[in-house]
Amino acid sequence: MQNNTNSRDRENNHHSSSSHPHVMNMREKEKYIETFNFPYCDLTTKYEKVTKIGQGTFGEVFKARDKSNPKKFVAMKKVLMDNEKEGFPITALREIRILQLLKHENVVNLIEICRTQASQHNRYRSTFYLVFDFCEHDLAGLLSNVNVKFSLGEIKKVVQQLLNGLYYIHSNKILHRDMKAANVLITKNGVLKLADFGLARAFSTNKNGMPNRFTNRVVTLWYRPPELLLGERNYGPPVDLWGAGCIMAEMWTRSPIMQGNSEQQQLTLISQLCGSITPKVWPGVENLELYKKMELPQNQKRKVKERLTPYLKDPYACDLLDKLLVLDPSKRADSDTALNHDFFWTDPMPCDLGKMLANHTQSMFEFLAPPRRVTQMRHHSIPRPTTSAVQDSGYQDRVF
Amino acid sequence: MPGWYFDKKELRITPSAQDGIDYKTEMRYRKEGARLIINTGSKMDLGYNTMATGVVYYHRFYMFHSFKQFPRYVTACCCLFLAGKVEETPKKCKDIIKTARSLLTDQKFATFGEDPKEEVMTLERILLQTIKFDLQVEHPYQYLLKYAKCLKGDKFFQTKLQKMVQMAWTFVNDSLCTTLALQWEPEIIAVALMYLAGKLSKFEVVDWIGRTPKHLRWWDMFVEDVTMDLLEDICHQVLDLYSQTDSSSPDSPPSQTPKTGPTRPATTPVKSSNGQERSPDQPPPVSIKVPPSTDIPQFPYQTFTSGPPPMGAYTAAVSAPPPFSTTGPPPVVSAPPPHLTAPPPNLNGPPPTASVPPAVFPYVSHPPPLFSAAAAVATGAPIVQPGPPPPFYPPTQQPPPRPYYGGPPSTS
């Protein structure tokens, strides 16, 4: 007991001595920030920038070399936050959280997040970089290079890996929401990686009867599915499968199949390919917010197979595309169904891309490639659209 | 790979300890910061996950920095700000600061400096680097619900289970004010606090879904190698909260100019509505019965906030459903705020089996844990097997803190 009292006294003494603790002034705080060695967040100086491989409103992407292992390359994506009123962007937080969760062969691997040294020059505010395993190519870059020729087996391998990646992320309740060829990376060994989760988010099947209210201002216009264009806010994995269908077709057409320059025109192009959007083929579509506000071409026949056959001779490929480019999201094939399609299980079977890619020693990225041929000449002058997401501004519009 | 779990020895050599802040004071600073996060979050209708995530960031932050270097209330606001974004319930920085300000004395708010928002923004980068961008944090709540779904019992079982889970939920809330989240995985905390709630509400688990002969206790199904000693230790860390008095230790940076008389603690005891202060040797009349709902608004216990919670919140809570009514959608009072329509992403596989998360921050419809605990002690219930009686009698000066009240997020 006596002991206890003593220790109590000691504590009290201590309290009184620490009751006027020293609080850092601005100068000391700056010094502290400058010199504190964050054990879990390395400095970017461990990498050496090699070249810029992407640029968008979100900032830049660099290829860099790991100084401790010169054979190891990484991609460094800058988190731009100069114009952020609310601190570290919520979109970047989402991307980081999602990438930390997703660990799969067909999803880009986030190695770490690095910081620049805080100093007087940056007002003691570090800049952050997301550091990824480096992938040599993106699909948009490969497709824009006429010297890159995919065999049917190789195309099957690409699409299979794409669907495999989607299957994995959807199983983890993540929507990508920005499927496009430029966001599909391919390593020199032919391994496909879904990239750019800057617009991705977690979803849940609304079990308590409460519909989701996600923003529909996602997905680059050319890859945006009809439900988003019509204002659906309670959407799910099918939005990514529409994009997968567009990308799959692009493997043969070599350029995006529907290059609208406005939401309205995109819907027109979709109707011209997939047939008129009517409650008959898509029960419930009449309840979508923009159904009555948009001009929907009537009496259009579905011509998916007809218009794509000149490009893809393979009937299985046509059939799978026909099941992916379905207007009604509830009838669109999911990734599991698509992976079971005969397309992947008939000769020629999917085959490794490594050999073909070994012929190409130069990295191919959309950012580095000359502008791709625009199939519909009337939109000649329009630049490639980028993802428009009002609420996600500042961290989008990426080419990776 | 850093671990986010520390043993008790490590918790005593924190940067604050090395900076000359004694253990007890550090624990108080942790508690006060956690409370500010919870109170600010509750006032802003943030969900329990957001608040809990913020508190975990807060505790982790101070494993690398000292309370002397970073004043706790600024850090608390910063943690809540970041957690809001991470849990998809973002709030504007200036609103968080405004709300926090309304809960703090001017002296305490002075730590925010001349430009509070700038202060929080600068700190956010430091926070992110410190926590290794490990944004995803799991909490015991989901496990509580999951485990509760597996328990089976007699005909009074459902009522008792509900009461037990509500009590355990409150303990989880309060555990945020301890360093438990730095010591044990959320699964283990959930088991321990359900065990505690079970003891206090005389809830005996005789059978459970998925039982095999190997299982001695229900939790053997979910966690391995959890000894009774460990469970007791966790329970005690929470129960110790109820025996602490806040006025005993000094204030922290920046210290105020001494005033006449004792400093008013941040948590002013709310005088019991019937005008009686409880004395320690006369434990309150304890009944395990749920008090009639008309009594609830006149909550006689000390709250964590400096004033009584708004009446509206109570009435809403009274009509609120039990935390896990599995039948039908939770009867949310009005259109739920966005964070309810988009449940926090459960990033680790399928959502918890308890499919309906509590529509409201569970309301404590049972006597607050302290009194039950005191009752258990009084009646000789074996909460602690060996050793002296546990130190959770009501403190001498003031009534014990009531577990903080989280108003239903859906009203107001």
Side-chain angles (χ1 to χ4, degrees), chain A residues 8 10-12 14-24 26 28-29 32-33 36 38-41 81 84-90 93-94 96-98 100-102 112-113 115 118 123-128 130 171-174 201-214, chain B residues 2 19-25 64-65 67-71 81-82 85-86 88 90 92-93 111 113 120-122 124-126 128-136 248-255 328-330 332 336 338 340-351 355-357 359:
Chain A
R8 163 62 59 96
R10 265 203 310 277
E11 274 186 6
N12 283 340
H14 197 101
H15 283 158
S16 38
S17 67
S18 67
S19 62
H20 292 269
H22 177 71
V23 178
M24 287 192 287
M26 205 56 197
E28 288 166 305
K29 185 170 270 174
Y32 182 92
I33 294 169
F36 190 85
F38 293 93
Y40 302 149
C41 192
M81 38 192 300
E84 289 294 334
K85 279 202 206 105
E86 291 301 315
F88 200 87
I90 191 169
L93 292 170
R94 250 181 221 155
I96 291 167
R97 202 164 44 113
I98 286 168
Q100 285 171 341
L101 163 82
L102 300 175
E112 62 180 331
I113 294 148
R115 67 190 162 103
R123 291 189 302 136
Y124 300 93
R125 293 179 164 196
S126 302
T127 305
F128 295 104
L130 274 53
S171 310
N172 279 284
K173 301 268 178 262
I174 301 292
R201 69 158 297 152
F203 69 93
S204 64
T205 35
N206 32 38
K207 33 188 189 280
N208 38 16
M210 212 61 84
N212 294 315
R213 285 187 59 78
F214 301 148
Chain B
D19 230 356
I21 296 175
D22 67 76
Y23 183 72
K24 212 176 133 196
T25 306
F64 295 92
H65 303 282
F67 278 99
K68 274 195 188 172
Q69 309 284 7
F70 293 98
F81 174 58
L82 180 62
K85 289 189 279 185
V86 168
E88 301 283 347
K92 284 197 175 129
C93 189
T111 48
V120 173
M121 288 298 183
T122 306
E124 188 188 36
R125 300 189 196 218
I126 300 171
L128 281 164
Q129 295 169 61
T130 306
I131 62 171
K132 195 186 154 265
F133 284 89
D134 273 351
L135 305 165
Q136 189 66 32
S248 63
S249 29
D251 212 333
S252 60
S255 167
V332 177
L340 275 185
T341 54
N346 169 25
L347 289 171
N348 286 336
S355 54
V356 183

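All chains are named by letter (A, B, ...) in the order of the sequence lines, taking the proteins before the strands, and each is independently numbered beginning at 1.
Atoms CD1 and CD, on A:I98 and B:Q136 in that order, are 9.5 Å from each other to the nearest 0.5 Å.
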From CA spacing to verdict: side-chain contact (heavy atoms from CB on, under 4.5 Å), B:Q129, A:F128:
CA-CA 9 Å; B:Q129 295 169 61; A:F128 295 104; 3.4 Å; yes

side-chain contact (heavy atoms from CB on, under 4.5 Å) between A:Q100 and B:D134: does it pass, once the steps are laid out?
CA-CA 8 Å; A:Q100 285 171 341; B:D134 273 351; 4.1 Å; yes

I'd like to know whether B:F64 forms a ring-ring contact (aromatic ring centres under 6.0 Å, His included) with A:Y40, so could you lay out the CA-CA distance, the side-chain angles of the two residues, the decisive distance to 0.1 Å, and finally the verdict.
CA-CA 11 Å; B:F64 295 92; A:Y40 302 149; 5.3 Å; yes

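Checking B:I131, B:I126, B:L128 one by one against A:F38, the side-chain contact (heavy atoms from CB on, under 4.5 Å) holds for a single residue, B:I126.
For B:E124, the part sitting under 4.5 Å from any heavy atom of chain A is the side chain, from C-beta outward, and nothing else. Proximity to chain B (any heavy atom under 4.5 Å) is shown, for A:R125, by both the backbone and the side chain. Both the backbone and the side chain of A:E86 come within contact range of chain B, each with at least one heavy atom under 4.5 Å from a heavy atom of that chain. For A:I33, the part lying under 4.5 angstrom from a heavy atom of chain B is the side chain only.
In this structure, A:Y32 and B:F70 have perpendicular ring planes: the angle between them is above 60°, well past the 30° mark.
Within the 4.5 Å cutoff, side-chain heavy atoms of A:R94 are placed close to those of B:E88.
Without hydrogens or angle criteria, B:R125 side chain to A:S126 main chain gives a donor-acceptor distance under 3.5 Å.
Residue A:R97 comes nearest to B:V86 through the heavy atom pair CZ-O, 3.2 Å, listed as atom of the first residue, atom of the second, then distance.
Checked against the 6.0 Å centroid criterion, the rings of A:F88 and B:F133 qualify as a close aromatic pair.
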